[in-house]
Amino acid sequence: MDRILNYVDGAFVAPVDGGYLDNYQPRDGTVYGHLPDSTAADVERAVAAAKAAFPAWQKLKRAERAQYLYRIADAIEKKLDLFAVAESRDQGKPVHLARSMDIPRAIENFRFFAGAILHQQEKAFQTSPEVLNYTRREPMGVAGLISPWNLPLYLLTWKIAPALAAGNTAVAKPSELTPATAFLLAQVLDEVGLPKGVCNLVFGLGEKAGDALVAHPDVPLISFTGGTETAAIIGQRAAPLYKKTSFELGGKNPALIFADCDLESTLNTTVRSSFLNQGEICLCTSRLFVQESLLPKFTELFVERVRQLKVGDPESPDSFMGPLVSAEHLDKVQGFVERSRAQGHKVLCGGERVAPQASLLKGYYFAPTVISTTDANAEIMQQEVFGPVVTLTPFKDYADAVAKANATRYGLAATIWTQNLDTAHHAAADIKAGQIWVNTWMLRDLRVPFGGMKDSGVGREGGDYSLEFYTEEKNVCLQLGRNRL
Ligand code: NAD
């Protein structure tokens with residue numbers, strides 16, 4: 001049975017109070033390991049180590065810090081299969097998806113920010129012939145990094161890589177539901193000889209270890225990805241301490257499917273955007289709005305394809321979806337569907353738990369579900385389900401489509417399906433979401449701003465945006481003297 005340890009000051013250590021949590025395997029619902037139930041005492045040690053490591057780390061040449069990041073990327077790549085299996089076992093996604101998406105994207109995070117820090121530019125302003133202003137960007141110290149369970153390594157490394165590249169040291173608190181790849185990452189950091197204390201990982205519960213990190217006076221910035229309600233709690237804790245915060249939060253992402261779309265590619269991508277990773281990607285589409293004239297045909301073809309998606313053992317190469325992350329999450333998703341059904345919305349397919357095979361009866365599998373509704377205020381249209389459930393709703397015209405897309409508190413992402421350039425550009429402007437995809441989904445460019453509008457987040461991640469967040473900018477104003485030689 002696997003036992004995970006904290007990684008503090010370059011050493012693998014047991015939690016100070018000796019408490020451990022069970023780590024469940026969604027595939028069959030069994031406990032397959034334990035992780036530290038860390039307390040404020042563990043966070044205290046990790047922050048002290050990171051604080052002590054900061055002066056030397058920030059003084060390294062950028063190229064030297066970049067070299068460490070490249071080495072980390074190479075070391076993960078050598079163990080790609082190990083990471084992919086661990087991620088699947090912890091989170092439930094098929095191994096092939098972890099191998100093709102999550103782990104390569106985590107590797108890319110390190111490579112990208114190793115390059116980005118070498119190309120970062122500072123600004124200079126010539127105020128007059130004798131006056132020069134120039135800016136310096138300086139790392140802030142110990143970065144507190146808190147990440148969720150759905151893309152555990154990818155989202156964690158999207159914080160660690162820019163934080164370290166910019167010259168900060170870090171204390172990271174991965175999700176208690178998916179600690180395995182973060183533990184493997186700690187082993188990689190150790191192997192590549194990252195100076196001790198530069199990156200520390202403390203495992204445990206959000207309300208305990210996470211809260212201690214947020215409340216620690218020696219942690220001037222918190223980068224958080226997770227639920228919208230959690231961010232409100234963290235914000236209340238961090239604000240009186242004047243911490244810099246970045247919040248990447250939940251979504252209720254619409255797809256606007258116009259009658260003139262390329263139907264085949266719309267169907268293919270929308271099936272994926274709705275159900276990839278069991279619908280447990282913050283960017284997954286969860287509300288489909290289809291123009292009335294296309295609705296009957298779209299519904300028939302979409303539901304037919306969703307029924308064919310294979311929910312199965314995540315270890316099997318032909319499973320499209322694995323189990324949900326936990327028993328609690330399965331109950332939550334099922335509850336949403338049952339209440340929706342009770343309110344009279346029509347479940348077109350799915351809507352129930354499934355067991356792919358006898359040996360996996362206790363796994364957390366749920367069938368991909370499509371619900372037809374026209375009630376914009378229904379719970380299923382307003383609340384983030386974060387599972388394999390999408391709603392299907394007609395719209396009349398452009399104005400109706402945009403109004404429906406915007407009718408939630410969230411504004412993370414949206415997809416627009418049309419062949420009309422005008423419609424695409426207008427909708428991109430009119431929809432309140434931080435990420436708009438036109439005739440595609442999940443294409444990634446690490447230089448572009450990523451983050452939500454409305455209750456989906458505050459702040460942006462991505463190339464310069466991350467390097468900006470993990471540093472403070474200062475201006476130096478220089479007056480040339482009159483006494484020239
Ligand atoms: P969550 O908010 O429950 O937990 C996220 C992290 O915060 C975990 O590490 C948890 O331990 C920690 N935490 C919980 N309470 C805390 C507290 N009081 N103080 C400090 N830390 C605390 O979210 P989750 O269930 O792990 O993740 C799912 C959510 O994340 C969904 O809403 C999803 O949309 C969102 N998400 C957003 C993005 C994005 O980029 N916008 C990406 C992935 C997931």
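In this chain, numbering begins with 1 at the start of the sequence shown. Each ligand, and each atom within it, is numbered from 1 in the order the structure gives. Both backbone and side-chain heavy atoms feed into the values below; hydrogens, waters and symmetry mates do not.
Ion pairing between Asp218 and Lys51 holds under the 4.0 Å rule for side-chain N and carboxylate O. Using a 4.0 Å cut-off between charged nitrogen and carboxylate oxygen, Glu379 and Arg339 count as a salt-bridge pair.
A distance of 6.0 Å or more separates the ring centres of Tyr465 and Phe450. Between Trp158 and Phe110, the gap from one ring centroid to the other reaches at least 6.0 Å.
In this view, Ala40 and Ala212 satisfy the side-chain contact (heavy atoms from CB on, under 4.5 Å) rule, not counting sequence neighbours.
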Check ligand 1 against the protein and report each N/O to N/O distance under 3.5 Å, formatted as atom name, atom name, distance.
unit_1	atom_1	unit_2	atom_2	d
ligand 1	2 (O)	Gly227	N	2.8
ligand 1	2 (O)	Thr230	OG1	2.6
ligand 1	9 (O)	Ser147	O	2.7
ligand 1	9 (O)	Lys173	NZ	3.0
ligand 1	11 (O)	Lys173	NZ	2.6
ligand 1	11 (O)	Glu176	OE1	2.6
ligand 1	11 (O)	Gly206	N	3.2
ligand 1	19 (N)	Gly206	O	3.4
ligand 1	23 (O)	Gly227	N	3.4
ligand 1	25 (O)	Trp149	NE1	2.8
ligand 1	26 (O)	Trp149	NE1	3.3
ligand 1	30 (O)	Gly226	O	3.3
ligand 1	32 (O)	Glu384	OE1	2.6
ligand 1	34 (O)	Glu384	OE2	2.6
ligand 1	41 (N)	Leu249	N	3.2
ligand 1	41 (N)	Leu249	O	2.7

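Cation-pi geometry between Lys244 and Phe469 is met: the NZ or CZ atom falls under 6.0 Å from the ring centre, inside 45° of the normal.
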